[in-house]
Amino acid sequence: MKSYFPKDFLWGGATAANQVEGGSDIDGKGLSVSDVYIFDGDMPKEHWTDQWHMMTHKQVEEAQDPESKKYYPKRHGVDFYHHFKEDIRLFAEMGFKTYRMSIAWTRIFPKGDELVPNEAGLAFYDAVFDECLKYGIEPLVSLSHYEMPLYLVTHYGGWPNRQIIDFYVRFAETVVDRYRDKVKYWVTFNEINCVKHHPYVSVGIIEEGHPHIEQDKYQGAHHQFVASAKATAYIHRVIPDAQVGCMISYQLLTPYSCDPDDIQKTVEQQRTSLFFSDVQARGYYPAYAKRMFEEKSVILAIEDGDLAVIRENPVDFISFSYYMSSAVSAHPERLESAVGNLITGGIKNPYLPSSKWGWQIDPKGLRTALNQLYDRYQKPLFVAENGLGAEDTLASDGTINDSYRIDYLRQHIQQINEALHDGVDVFGYTAWGCIDIVSASTSQMSKRYGFIYVDQDDAGNGTKERSKKASFDWYKEVIASNGANL
Ligand code: BG6
């Protein structure tokens with residue numbers, strides 16, 4: 001295949017602190033919103049993802065009880081906290097040019113409203129970045145990846161409270177000052193558009209019994225836009241050659257049929273995601289937001305200066321996660337839904353296969369997505385997440401033959417190559433969960449994405465030993481050939 005990948009293309013992998021690190025009771029770390037999720041094998045499967053969407057007051061309360069006997073997988077991750085040197089060495093062996101990771105806010109400000117940061121937390125990330133840089137791996141840091149301090153939810157009500165802007169900005173400024181010589185690429189909020197579907201983990205609202213959820217979701221999002229713009233301004237001031245990105249979950253939506261109602265509904269639904277990158281990339285609320293807010297009875301409290309700071313600080317690049325596409329119908333009651341669909345609960349597309357978790361696999365959709373986003377913004381694009389969650393089997397000889405994952409990744413990377421040929425400016429690709437980690441939506445360990453297998457089960461049992469899967473050597477060759485050998 002002729003490769004259109006530029007020679008400095010940033011190949012790599014991605015994780016998030018709350019899914020990989022563990023060590024949640026070490027060195028002063030506080031509890032984050034993600035540390036509250038349990039894994040309960042007795043829970044019916046269809047509720048695993050629901051749990052992520054909908055948090056209850058009781059769960060939050062129980063999770064803060066030091067006597068709780070429940071298993072909270074995201075407090076344990078895969079113990080990257082103690083294995084990072086080994087893990088980064090393996091990333092380097094694959095030839096990673098970049099590693100996308102997040103800084104756990106709760107390691108730096110355990111409750112979120114402190115004035116003085118936790119030195120032990122800062123020192124940990126110094127060590128992680130030094131390890132990356134030792135191998136020439138450029139860190140790309142998400143400041144917030146579903147891991148705001150739980151205390152800011154229980155004591156301040158989450159992002160609908162304007163005070164959170166200052167706490168976030170203090171956190172951002174602290175880490176930017178500390179790592180200014182080590183980190184050039186920053187993302188302010190992971191999947192900022194996902195507040196629509198899981199407001200607890202995105203903006204810290206407990207939906208149960210909430211009287212005006214839509215209002216608070218968008219008020220929280222407005223505060224995130226302001227916070228993101230202030231962080232962007234600061235990063236640009238302190239690190240002159242820094243690149244700051246927004247990050248959305250981009251699930252390509254296609255009309256189920258050529259019925260004009262299906263087409264109109266698709267446009268409207270896709271805009272509910274694009275709304276977020278529209279604000280962050282262009283620097284202003286799009287015209288269609290007025291009607292969208294009217295129809296949701298949302299009236300935003302916007303203070304003097306908010307719109308100016310958003311306008312003056314648009315992001316430099318657009319990053320996004322892409323796992324699947326989904327069909328949209330104006331008459332969904334007549335059709336089968338795409339099962340287990342994390343993001344929008346769309347309609348099953350009869351042309352596409354699905355993963356075991358019901359995520360519809362659509363590699364060509366990635367080319368379309370890249371073209372759509374580039375046509376819309378003309379800003380550099382970064383594929384921040386992509387991958388196949390699957391159950392892997394460790395054979396008795398210690399090998400793991402994940403040929404299905406290789407197929408998935410190959411087909412998606414081929415489509416990035418097509419998009420590059422189309423003229424789209426894509427500057428990097430980080431495969432999600434480059435090492436097996438705890439699933440965000442189901443808290444399972446058995447939904448694996450990695451090139452590196454971790455010996456750990458859903459209940460946290462196992463040696464945590466790392467082994468290379470077949471995809472490890474495959475990805476190494478992809479990187480070495482700059483995308484020519486797929
Ligand atoms: C994205 C998140 O939504 O999807 C990641 O940014 C997450 O945190 C990834 O892990 C895959 O989802 P899951 O539920 O399979 O882990």
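All ligand and atom numbering here is 1-based and tracks the order in the structure.
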* Shortest reach to atom 14 (O) of ligand 1 by a heavy atom, considering only Ser142, Ser441, Ala384 -> Ser441
* Asked: Regarding Glu138 and Tyr99, is there a side-chain donor-to-acceptor distance under 3.5 Å anywhere?
  -> no
* To do: Answer yes or no: are there more than 12 heavy-atom neighbours, outside Glu61 itself, under 6.0 Å from its atom CD?
  => no
* **Pair Arg107 + Glu21: basic N to acidic O under 4.0 Å** => yes
* Flag for Thr188-Ser228: side-chain donor and acceptor within less than 3.5 Å -> yes
* Taking only heavy atoms of Tyr323, which atoms of ligand 1 are found under 4.0 Å from at least one of them? -> 4 (O), 9 (C), 11 (C)
* Asked: Does the N or O separation between Ser439 and ligand 1 drop below 3.5 Å for any pair?
  -> yes
* Which option out of His145, Glu385, His198 puts a heavy atom nearest to atom 4 (O) of ligand 1? -> Glu385
* **Atoms in ligand 1 with a heavy atom of Lys447 nearer than 4.0 Å** => 13 (P), 14 (O), 15 (O)
* Asked: Does any N/O atom on Val438 come nearer than 3.5 Å to any N/O atom on ligand 1?
  -> no
* **Electrostatic pair Asp35:Lys29 at N-O distance under 4.0 angstrom** => yes
* Asked: What atoms of ligand 1 come closer than 4.0 angstrom to any heavy atom of Glu191?
  -> 1 (C), 2 (C), 3 (O), 6 (O)
* To do: Report, in ascending order of atom number, the atoms of ligand 1 lying under 4.0 Å from any heavy atom of Asn190.
  => 6 (O)
* Asked: Under 3.5 Å between some N or O of ligand 1 and some N or O of Thr442?
  -> no
* Look at atom NZ of Lys364 and say whether more than 12 heavy atoms of other residues, nucleotides or ligands are closer to it than 6.0 Å. => no
* Can you tell me if Asp27 and Tyr81 form a side-chain donor-acceptor pair at under 3.5 Å? -> yes
